[in-house]
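Notes follow once the structure below has been shown.
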Amino acid sequence: MLSSPPMSPDLLDRAVQLLRDGRLVAFPTETVYGLGADATNSAAVQRIFAAKGRPSTNPLIVHIAAEQQASRYAADWPDAAHRLAQAFWPGPLTIVVPRRAIIAPEVSAGLNTVGLRCPRHPLALELLRRFDGPVAAPSANRSNRVSPTTAEHVRQELGNAVDLVLDGGPCEVGIESTVITLCTTVPTVLRPGNVGVEALREVLGAVAVTSQVLSMTTPSASPGQHAVHYSPRTPCYRYADEEVRSYLAKHAGDRIILLSLEAFAPASPLHHVVRMPAEPEAYARHLYAALRAADERDVKAILVESPPPEPRWLAVRDRLQRAARPLP
Ligand code: TXA
Ligand code: MG
């Protein structure tokens, strides 16, 4: 496995050759690092599932260099898709449309659809342009672990299971793309992200949001409803303001890390506070690195303060619902 300084042309050539050979190349995007393979090559795509330990029922996103390539892989590219691509590509939006047979069936996990995305990172775009084909790429982490936002995270997650890691520095957005399907009567957001629901409605008119995501806007969303995903190894709990005080009082003798939105003076010297950004975009950029750093310390628990149930925090709250359980 090699790593690279940004933008080395030789390494890009090597990356393209590896993709052509059916190998795995991790590359930066503006959201998180992706674990890429040729999306037309079933054997290569199966390597992605094996490297991640990912269930074969979870479909992969296909990355393309420009909207003009979409109709090579989509059986239908409706006007709504064109308008979304015009407004948000290159960028953190995945558009689910009917697929063409050239996309390996494993990519779509047996569905008749494919999620297409044109990422905004210059290194990703250059790789995609040179490869001139569709690159299937989930986040470059082991299944159910925190997505990587640096090349070093990818190496920690996947080691020799990846043939090359292209290093493009830390990711700018920090959480995975918004996923919207156009294969429902009303376009529907399947995963919230940096492209918000209101911005999508400005382009499309009516946009639905899956009920799982919607329940996130109410503070009392029933625990257990959301699969625990993206999680650190250390027990990770989310809390709202005052309830954390009594938890900390009970655990004064335990090493604990808090990711707090506010200044917070802990009573115990074993309780360490990390101050998180108060704006959703900055918070998202730092979230996964903060969870990883906390996970690497020898602590009993990671406590994360829940941001307010406001629409602008939807994507961050979605990731926290998956990473952290309610405070016991
Ligand atoms: O930002 C991102 O989207 C990153 C970077 C690498 O592009 N990729 C990413 O991939 O997050 P992954 O595999 O971790 O998440 C893919 C998501 C899953 O929630 C999957 O269910 C959904 O996209 N998805 C992919 N294809 C789909 C399809 N045909 N229908 C419905 N959902 C799909
Ligand atoms: Mg993922």
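Side chains included, hydrogens not; waters and symmetry mates left out as well; all remaining heavy atoms used. Just so you know, ligand 1 is whichever comes first in the structure, and atom 1 is the first atom listed for that ligand.
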N/O separation below 3.5 Å, Thr94 to ligand 1:
no
Looking at the Mg ion (ligand 2), is there an N, O or S atom belonging to Ser139 that lies under 2.8 Å away from it?
yes
Reported CG-to-CZ distance for the pair Asn58 and Phe49, which is rounded to 0.5 angstrom:
7.0 Å
Looking only at non-hydrogen atoms, the one of Pro119, Pro59, Ala109, Gly115 nearest atom 22 (C) of ligand 1 is Pro59
Pick one of side chain, backbone, both or neither for how Thr31 approaches ligand 1, counting any non-hydrogen atom pair under 4.0 Å.
side chain
For ligand 1 and Glu176, I'd like to know whether there is a polar contact (N/O to N/O, distance under 3.5 Å).
no
Is there a nitrogen or oxygen of His63 sitting under 3.5 Å from a nitrogen or oxygen of ligand 1?
yes
Less than 4.5 Å apart, any side-chain heavy atom of Leu18 and any of Leu24?
no
Contact between Ala137 and ligand 1, counting heavy atoms under 4.0 Å?
yes
Within a distance under 4.0 Å of any heavy atom of Leu190, pick out the atoms of ligand 1 and give their elements.
31 (C), 32 (N)
Does Ile61 reach ligand 1, in the sense of a heavy atom lying below 4.0 Å from it?
yes
Mark up the atoms of ligand 1 that fall under 4.0 Å of a heavy atom belonging to Thr113, in ascending order.
28 (C), 29 (N), 30 (N)
OG/Ser42 to CZ/Arg47 distance, rounded to the nearest 0.5 angstrom?
12.0 Å
Using a strict cut-off of 4.0 Å, indicate which atoms of ligand 1 neighbour a heavy atom of Ser139.
8 (N), 9 (C), 10 (O), 12 (P), 14 (O)
Aromatic Phe264 / basic Arg245 pairing, under 6.0 angstrom, 45° off normal:
yes
For Ser177 and ligand 1, does the shortest N/O to N/O distance drop below 3.5 Å?
yes
Return a yes/no value for Lys52: is any of its N or O atoms, backbone included, closer than 3.5 angstrom to an N or O of ligand 1?
no
Which ligand 1 atoms does Gly34 reach within 4.0 Å, using its non-hydrogen atoms?
6 (C)
For the atom pair CG (Asp132) and CD (Gln69), what is the distance rounded to the nearest 0.5 Å?
6.0 Å
Under a 4.0 Å N-O cut-off, is there an ion pair linking Glu126 with Arg130?
yes
Need the ligand 1 atom indices (1-based, order shown) with element for anything under 4.0 Å from a heavy-atom of Asn58.
18 (C), 20 (C), 21 (O)
Among the heavy atoms of Arg54, does any lie under 4.0 Å from an atom of ligand 1?
yes
Is there a chain of hydrophobic side chains (I, L, V, M, F, W, Y, each step under 4.5 Å between heavy atoms) that links Val16 to Phe27?
yes
If the threshold is 4.0 Å, N to carboxylate O, is there a salt bridge linking Glu176 and Arg117?
no
To the nearest 0.5 Å, atom CD1 of Ile95 lies from atom NE2 of His82 at 11.0 Å
Whether Glu279 and Arg312 form a salt bridge (side-chain N of Lys/Arg under 4.0 Å from carboxylate O of Asp/Glu) is what I want to check.
yes
